K.L.:
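After the structure tokens below, expect a handful of questions from me.
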Amino acid sequence: MAKISIKSEKLTPFCGIFHVREIFSRYVGSVIDKELGLRCPSFGYQYSEIVGSLLSVYFCGGDCVEELF
């Protein structure tokens, strides 16, 4: 029989990175898309989603942002 654990929606292993991404998308993401414009729909992602993903990796301890600059 599989054990089922109930987890809190507020507590995650990433220390709230999903909350930060939500706020980023709400406030900063719209500014990025407004300034850089929308990408072609065939690419699948907008500039704000790409920047948000890179920042999430950096804030969680990754180093992919340093390699870009």
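The figures here come from the full heavy-atom set of this structure, side chains too, leaving out hydrogens, waters and symmetry mates. Treat the numbers as computed from the prediction; the structure is a model and nothing was measured.
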K.L.:
Rounded to the nearest 0.5 Å, what separates atom OH in Tyr47 from atom CG in Leu36?
P.N.:
6.5 Å

K.L.:
What is the minimum heavy-atom distance between Gln46 and Glu49, and which atoms define it?
P.N.:
N-OE1, 2.9 Å

K.L.:
Quick check: does any side chain N or O of Arg39 sit under 3.5 Å from a backbone N or O of Tyr45, one acting as donor and the other as acceptor?
P.N.:
yes

K.L.:
Distance check, rounded to the nearest 0.5 Å: Ile32 atom CD1 versus Ile50 atom CD1?
P.N.:
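Atom-to-atom, Ile32:CD1 and Ile50:CD1 are 10.5 Å apart.
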
K.L.:
What side-chain hydrogen bond (donor to acceptor under 3.5 Å, both in side chains) pairs are there with at least one residue in residues 22-35, not counting sequence neighbours?
P.N.:
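Non-adjacent pairs meeting side-chain hydrogen bond (donor to acceptor under 3.5 Å, both in side chains): Glu22-Arg26, Asp33-Ser48.
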
K.L.:
Can you name the nearest heavy-atom pair linking Arg21 to Ser56, along with the distance?
P.N.:
CD-OG, 2.6 Å

